Amino acid sequence: MTLTPEQVSQFHEQGYTAAPALFTPDEARAMKAELLRLQNEGKFRNVSTEGDGKTHSSTRQNLQICPLNPHSDLFRALPFCEKITRAVAQLIGDPLVLHLDQVFLKPARHGSGTNWHQDNAYFGLTDPTKGTAMWIAVDPATVDNGTIHVIPGYASRKLEHQRDPESDHHIRCYPPEELAVPIELPAGGAAFFAYGTPHCTRANNTDRDRAGVAFHFLNGQHLDDEGLDTRTLLGTCLTGDDATGGEREYGERIAGTWPQHVEQTLTREPAL
C-alpha cells in the first residue's frame with residue numbers, strides 16, 4: 001500500500017487527503033528542473049486577466065501549461081509510476097484512466113491564485129467521487145505562498161459555477177470559505193481530492209516561485225457503466241485490460257520509465 005488506511009478513509013469521508021512524502025527528494029528535484037526547462041523554453045502562458053476575462057494582466061501572473069505531457073517525457077512517465085497507480089487505485093479503484101495533466105506556476109511576488117471551483121464542473125461525471133486530482137507541490141507549498149485549499153465534505157455536492165473574470169478560460173464557484181482547509185506540503189508532497197471537492201489556490205506574494213503539477217484520474221469501470229469508451233474518449237489507460245503501458249497512446253512503452261527519466265533529468269539539472 002502507498003497510502004495508509006487513515007488517508008484512504010479521509011479521502012472517502014472528507015473528499016481529500018495529503019501524502020507529504022509521496023515523491024523522493026531526487027524526484028522532486030527532477031520535477032523542479034524540468035519545469036525550469038519548460039519555463040526557459042517559453043512553454044508557459046499567463047491565464048490571469050484584468051478582471052474582464054479577456055485582457056491578460058500585466059501585473060499578475062498565473063502561468064499554465066495544459067496539457068503537460070506533450071512537452072515533457074518526465075511528466076508523461078509520472079502517472080505510469082507504480083506507486084502512483086497504487087495510490088490512486090486505493091482511492092477510486094481500478095481500472096485507471098489518466099484524464100488530464102497540467103501545471104500552474106505562480107511567480108514570486110506577483111503570482112495570482114486560481115479561484116474556487118470543482119473539477120467536475122468541467123468534466124461532468126455522474127458520480128464526482130469516481131475521479132480524483134493529484135496535486136503535486138513542486139516547490140514547498142505554504143499558506144504564505146498560496147498553497148491549495150479545499151472544502152472538506154463537499155465532494156458529492158454540486159455547486160453553481162460561472163465564468164471567472166480573473167481568468168481567460170476558467171469558471172468559478174463560491175463555497176463557504178470559512179470551512180476552507182489549507183494543505184501545506186514539502187516539495188514532492190501531494191494532495192488528492194475528489195472531482196467534486198471545491199478547491200482553490202491563493203496568490204504568491206513571497207520571494208520565491210511556487211509551482212503545482214496536477215494529474216486527473218478516472219475510474220474506468222465507472223465510465224463503462226455510463227456507456228463511455230475509455231479507449232478512445234478520455235485519454236490514457238493506465239491499468240486494466242485496455243492498458244498497453246502507453247504504447248497505444250504514445251507509440252512507445254512509457255510504463256516503467258519514470259526512474260530513467262528522473263535520472264536523465266537530474267544529469268542536466270540547471271544550477272539554481
Side-chain angles (χ1 to χ4, degrees), residues 2-3 7-8 10-11 14-23 27-28 30-32 34-35 38 44 47 62-69 72 74-75 78-79 81 83-92 96 98-106 111-123 128-129 131-152 154-155 167 170 172-173 175 180-204 209-218 238:
T2 300
L3 301 178
Q7 289 170 315
V8 175
Q10 182 184 36
F11 180 86
Q14 300 184 38
Y16 80 99
T17 195
L22 187 61
F23 293 92
E27 290 170 332
M31 287 188 276
K32 177 66 173 179
E34 183 71 344
L35 290 190
L38 294 171
F44 286 87
V47 303
N62 189 0
L63 303 178
Q64 182 185 27
I65 304 174
C66 181
L68 178 58
N69 70 80
S72 169
L74 177 79
F75 287 114
L78 188 153
C81 180
K83 67 179 174 182
I84 302 305
T85 56
R86 283 203 310 265
V88 177
Q90 286 178 260
L91 301 178
I92 63 173
L96 297 177
L98 176 67
H99 191 181
L100 180 69
D101 56 12
Q102 61 184 321
V103 58
F104 283 101
L105 188 151
K106 322 290 187 177
S112 58
T114 302
N115 284 322
W116 288 105
H117 64 282
Q118 294 168 300
D119 289 339
N120 208 46
Y122 293 103
F123 301 146
T129 67
T132 186
M134 176 180 68
W135 187 87
I136 305 167
V138 178
D139 303 287
T142 67
V143 169
D144 288 342
N145 66 18
T147 189
I148 196 161
H149 293 58
V150 299
I151 305 290
Y154 269 63
S167 166
H170 289 142
R172 68 169 300 171
C173 63
V181 174
I183 304 176
E184 294 192 302
L185 294 165
F192 295 89
F193 46 91
Y195 273 16
T197 297
H199 57 284
C200 75
T201 57
R202 308 293 195 184
N204 176 19
D209 292 354
R210 179 186 61 75
V213 175
F215 293 83
H216 295 79
F217 304 91
L218 300 168
L238 299 173

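Just so we're clear, the structure is a prediction, and the values are computed from it rather than from any experiment.
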Distance-only side-chain donor-acceptor flag, His99 / Tyr195, under 3.5 Å: yes
Closest approach of Pro67 to Ile65 (non-hydrogen atoms, all atoms of both residues): O-CG2, 3.6 Å
Ring geometry between Phe75 and Phe215 (parallel below 30°, tilted from 30 to 60°, perpendicular above 60°): tilted
Under 3.5 Å: donor-acceptor pair, side chain of Arg210, backbone of Asn204: no
Test item: Thr2 side-chain N/O and Arg86 main-chain N/O as donor-acceptor pair under 3.5 Å: no
Least distance between heavy atoms, Trp135 atom then Ala141 atom: CH2-CB, 3.9 Å
Flag, side chain of Thr201 to backbone of Thr147, donor-acceptor distance under 3.5 Å: no
CG-CD distance between Asn69 and Gln102, expressed to the nearest 0.5 angstrom: 12.0 Å
Leu98 to Pro79 - nearest heavy-atom pair and separation: CD2-CG, 3.8 Å
Straight-line distance of Leu78 CG to Glu34 CD, nearest 0.5 Å: 11.0 Å
Option among Leu96, Ile84, Val88 that satisfies the side chain to side chain contact (heavy atoms under 4.5 Å, CB included) test with Leu238: Leu96
Shortest non-hydrogen contact between Thr129 and Ala194, atoms and distance: CA-CB, 4.3 Å
Under 3.5 Å: donor-acceptor pair, side chain of Gln118, backbone of Gly196: yes
Separation of Asp119 CG from Phe193 CZ (nearest 0.5 Å): 5.5 Å
Heavy-atom side-chain proximity of Phe11 to Thr132 below 4.5 angstrom: yes
Candidates Lys106, Gln64, His170 - the one meeting side-chain hydrogen bond (donor to acceptor under 3.5 Å, both in side chains) with Thr114: Lys106
Over all atoms of both residues, closest heavy-atom pair of Phe192 and Ala19: CE1-CB, 4.3 Å
For Ala28, all residues meeting side chain to side chain contact (heavy atoms under 4.5 Å, CB included), sequence neighbours excluded: Ala187
Validation row: Phe123, Leu100 side chains within 4.5 angstrom (heavy atoms): yes
Nearest-0.5 Å distance that lies between atom CG in Leu63 and atom CG in Leu35: 11.0 Å
Exercise: identify the closest heavy-atom pair between Thr197 and Ala155: OG1-CB, 3.7 Å
Stepwise side-chain contact (heavy atoms from CB on, under 4.5 Å) test for Trp116 and Ile151: CA-CA 10 Å; Trp116 288 105; Ile151 305 290; 3.5 Å; yes
Atom pair CZ/SG of Phe23 and Cys81 - distance to nearest 0.5 Å: 6.5 Å
Donor on one side chain, acceptor on other, Gln7 and Thr17, under 3.5 Å: no
Stepwise side-chain contact (heavy atoms from CB on, under 4.5 Å) check, Leu38 with Leu68: CA-CA 10 Å; Leu38 294 171; Leu68 178 58; 3.9 Å; yes
Under 3.5 Å donor-acceptor, Lys83 side chain and Leu22 backbone: yes
Partner residues of Asp101 under the salt bridge (Lys or Arg N to Asp or Glu O under 4.0 Å) criterion, sequence neighbours left out: none
Nearest-0.5 Å distance, CE of residue Met31 to CG of residue Leu74: 7.5 Å
His199 and Tyr16 aromatic centres sub-6.0 Å: no
